[in-house]
Amino acid sequence: MAQPRVMVMNQNTKREEGRKVQLDNINAAKCVADVIRTCLGPRAMLKMLMDPMGGIVMTSDGNAILREIVVQHPAAKSMIEIARTQDEEVGDGTTSVIVLAGEILSEAEQFISENIHPTVVIGAYLHALDDIVELLEKEISVPVDIDNREQMIGIVKSCIGTKLVKKWEALACQIALDAVKAVQITAHGRTEIDIKRYAKVEKVPGGELEDSEVLKGIMVNKDVTHPKMRRKIEKPRILLLDCGLEYTKGESQTNIEISKEGDFTRLLEIEEEYVKNLCAHIIAVKPDLVFTEKGVSDLAQHYLAKAGITAIRRVRKSDNNRISRACGASIVNRCDEIKEEDIGTGCGLFEVRKIGDEYFSFIVDCEDPKSCTILLRGPSNDLLKEVERNLQDAMNVVRNVLINPRLVPGGGACEIALAVALNEKARAVEGVTQWPYKAVARALEVIPRTLIQNCGASTIRVLTELRAKHAGCTNQTWGVDGEKGVLADMTELGIWEPLSVKLQTIKTAVETATLLLRIDAIVSGLKRPQ
């Protein structure tokens with residue numbers, strides 16, 4: 001007798017399960033990978049995206065493209081998430097990680113269709129990942145001398161070679177290397193490089209890209225508060241404040257009852273005395289330049305200008321922190337607590353310059369600044385934004401090499417070398433696991449294959465030649481010249497990638513693929529009908 005159907009779940013939910021879900025997830029991942037496949041390599045194409053506000057983004061950066069795309073499928077959302085993770089963790093390889101994850105999932109499709117259990121496929125994938133990490137760290141990667149400037153510039157050049165800024169690669173390499181070296185701090189046996197916080201990129205439209213530079217100090221988009229204040233000071237004594245130089249008003253509405261005529265005048269005098277007192281504390285330590293995150297009242301401006309002190313107000317907290325690192329000043333929270341040691345004397349020149357229609361304050365020629373500003377000039381905002389994204393990638397590459405000074409060959413050489421080594425190791429893998437294990441080796445070939453496709457060469461012929469070159473685990477540095485679509489030795493071309501970027505790319509791609517293969521049901525709550 002047939003059992004009656006029992007409805008356990010809410011009527012407003014939609015449920016999909018079984019093989020259909022896994023195949024849907026694989027197809028969604030392949031769709032996301034196909035969107036940015038043409039953005040890989042030196043012959044990468046740009047994508048033009050319009051955001052909902054009507055703004056335009058032109059870029060070949062995988063993360064920047066996927067950030068702007070709105071997707072519905074949950075698997076596609078997790079693919080977009082891995083590009084963001086890659087960008088935050090190592091700053092480069094965002095396109096590679098999506099293309100590779102899509103290919104690894106694509107290879108799993110045949111095993112799911114042949115009823116091989118997903119956990120068998122996942123086990124083989126993770127086994128292959130362990131072997132890849134071991135091969136990369138012990139056999140394929142080579143150490144690098146981080147003090148050799150020429151070698152470091154060569155590494156940055158191979159990162160910039162796939163970007164829009166490639167035309168100005170000599171300048172971009174110098175900027176990236178100088179900026180990262182400026183913010184590098186070594187203390188208690190560990191190296192700290194905080195690019196996001198201490199290497200600020202200021203984009204000023206106008207001029208030429210060749211005018212871009214790394215300032216040996218800080219630039220802020222501010223002018224002096226009073227016309228009589230000095231606009232150029234050599235070797236200034238700098239004071240940084242986190243408090244306002246104005247009378248503080250009550251938090252909420254304040255009522256005052258006045259009984260005599262003179263009381264109102266006395267109230268105004270108290271306000272003036274308070275501001276005068278604040279200025280007296282500042283003038284006592286004889287600074288030449290005062291930066292505050294809050295406001296400066298007209299009266300305070302008068303007293304400071306009279307004492308020959310230049311004041312700049314409403315500076316961002318992040319800018320104040322950068323100025324503190326550049327000139328050695330400490331940020332003071334109360335005017336009555338200022339000490340001589342809080343004054344920064346590491347700056348060589350303060351100057352207000354007009355660029356275009358705006359005034360900028362330069363705190364430059366600092367002694368050993370631990371923060372810097374990258375001044376970017378160029379014809380349009382869209383171009384400047386793309387150059388900034390490219391520079392961020394280049395700076396992250398330098399940071400990765402300084403923290404983990406090991407390199408692997410670029411141009412798909414590393415992936416083909418891994419694929420050949422995995423095919424050799426697959427012989428020792430027993431049972432049905434051998435097939436998904438070999439599938440990882442096939443999936444790794446997507447990087448050189450895409451490089452060949454993007455420069456219009458014959459994919460089958462060049463890839464076959466490359467496999468033959470790598471046969472027997474020899475010629476591990478041979479890869480694809482992404483400009484010409486022919487085989488080349490990456491050592492001669494000088495195309496190298498940081499080991500940390502390559503490890504992160506492969507780990508993230510394989511782990512995301514295994515995560516999506518583990519999903520066997522999707523339960524989605526439907527919107528109630530209006």
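Values reported hereafter were calculated over all heavy atoms of this structure, with side chains retained and with hydrogens, waters and symmetry mates removed.
- You'll find the side chain of H73 reaches within 4.5 Å of the side chain of N25, heavy atoms only.
- Of the charged side-chain nitrogens involved, none lies within less than 4.0 Å of a carboxylate oxygen, so that K181 and D178 do not count as a salt-bridged pair.
- The shortest side-chain heavy-atom distance between T38 and K47 falls under the 4.5 Å cut-off.
- Take R353 and apply the side chain to side chain donor-acceptor pair (under 3.5 Å) test, not counting sequence neighbours, and it matches E351.
- In the displayed structure, E430 atom CD is contacted under 6.0 Å by at most 12 heavy atoms of other residues, nucleotides or ligands.
- Residues passing the salt bridge (charged side-chain N to carboxylate O under 4.0 Å, His left out) test with K30 are E109, sequence neighbours excluded.
- Every residue two or more places apart in sequence or in another chain that forms a side-chain contact (heavy atoms from CB on, under 4.5 Å) with V133 is listed here: L129, E137, L503, K507.
- No donor-acceptor contact under 3.5 angstrom links the side chains of D382 and S380, judged on distance only.
- Within the model, atoms CD1 of I506 and CD1 of I447 stand 8.5 Å from one another, a figure rounded to the nearest 0.5 Å.
- Remark: R449 engages E103 in a salt bridge (charged side-chain N to carboxylate O under 4.0 Å, His left out) (not counting sequence neighbours).
- A salt bridge links R84 with E81: the distance from a Lys NZ or Arg NE/NH1/NH2 to an Asp or Glu carboxylate oxygen falls below 4.0 Å.
- Atom CH2 of W168 has more than 12 neighbouring heavy atoms from other residues, nucleotides or ligands inside a 6.0 Å radius.
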Problem - Stepwise salt bridge (charged side-chain N to carboxylate O under 4.0 Å, His left out) test for D24 and K20 - result: CA-CA 6 Å; D24 279 356; K20 181 180 182 298; 3.1 Å; yes
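- For the atom pair CZ of R442 and CD1 of I104, the computed distance is 12.0 Å after rounding to the nearest 0.5 Å.
- Not a single side-chain contact (heavy atoms from CB on, under 4.5 Å) links D130 to another residue, sequence neighbours left out.
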Handout entry: Chi angles and distances behind the side chain to side chain contact (heavy atoms under 4.5 Å, CB included) call for M79, I98
Key = CA-CA 7 Å; M79 286 289 283; I98 296 284; 4.2 Å; yes
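- Not a single side chain to side chain donor-acceptor pair (under 3.5 Å) links K157 to another residue, sequence neighbours left out.
- In this structure, I193 CD1 and L402 CG are separated by 4.5 Å, a value rounded to the nearest 0.5 Å.
- Sorted by first then second residue, the salt bridge (Lys or Arg N to Asp or Glu O under 4.0 Å) pairs that include residues 400-420, not counting sequence neighbours, are E415-K502.
- In this structure, CD in E293 is found 12.0 Å from CZ in R316, a value given to the nearest 0.5 Å.
- In this structure, a donor-acceptor pair under 3.5 Å is present between the side chains of T505 and Q86.
- Annotation: side chain to side chain donor-acceptor pair (under 3.5 Å) contacts of K216 (sequence neighbours excluded): none.
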Handout entry: CA sep, side-chain torsions, deciding dist, call: I132, L444, side chain to side chain contact (heavy atoms under 4.5 Å, CB included)
Key = CA-CA 11 Å; I132 287 170; L444 284 167; 4.0 Å; yes
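- Contact of the W496 side chain with the T477 side chain is registered, since non-hydrogen atoms from C-beta on lie closer than 4.5 Å.
- Interatomic distance, R325 CZ to I185 CD1, rounded to the nearest 0.5 Å: 3.5 Å.
- Counting heavy-atom neighbours within 6.0 Å of R149 CZ, excluding the residue itself, gives a total above 12.
- In this structure, the side chains of L209 and L383 come closer than 4.5 Å at one or more pairs of heavy atoms.
- Looking at K163 and D92, a side-chain N of the basic residue comes within less than 4.0 Å of a carboxylate O on the acidic one, giving a salt bridge.
- Between the side chains of T508 and Q504, at least one donor-acceptor pair of N or O atoms lies under 3.5 Å.
- Considering only heavy atoms from C-beta on, K385 stays 4.5 Å or farther from V57 through its side chain.
- We find the CG-CH2 distance between L466 and W478 to be 10.0 Å, quoted to the nearest 0.5 Å.
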Problem - Worked verdict on N221 versus E358 for side chain to side chain donor-acceptor pair (under 3.5 Å) - result: CA-CA 8 Å; N221 189 354; E358 306 223 21; 3.2 Å; yes
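- With sequence neighbours excluded, no residue satisfies salt bridge (charged side-chain N to carboxylate O under 4.0 Å, His left out) with K167.
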Please list every donor-acceptor pair under 3.5 Å in which a side-chain atom of residues 195-203 meets a protein atom from a residue at least two apart or in another chain.
| from | atom 1 | to | atom 2 | distance (Å) |
| --- | --- | --- | --- | --- |
| K200 | NZ | E202 | OE2 | 3.3 |
| K203 | NZ | E388 | OE1 | 2.8 |

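- Contacts of S361 classified as side chain to side chain donor-acceptor pair (under 3.5 Å), with partners at least two apart in sequence or in another chain: none.
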Exercise for the section: Kindly indicate, with the supporting measurements, whether the criterion side chain to side chain contact (heavy atoms under 4.5 Å, CB included) is fulfilled by S141 and V408. Expected result: CA-CA 5 Å; S141 65; V408 292; 3.8 Å; yes
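- For E213, the side-chain contact (heavy atoms from CB on, under 4.5 Å) partners are L215, L375, not counting sequence neighbours.
- Other residues, nucleotides and ligands contribute only 12 or fewer heavy atoms inside 6.0 Å of the CD atom of E150.
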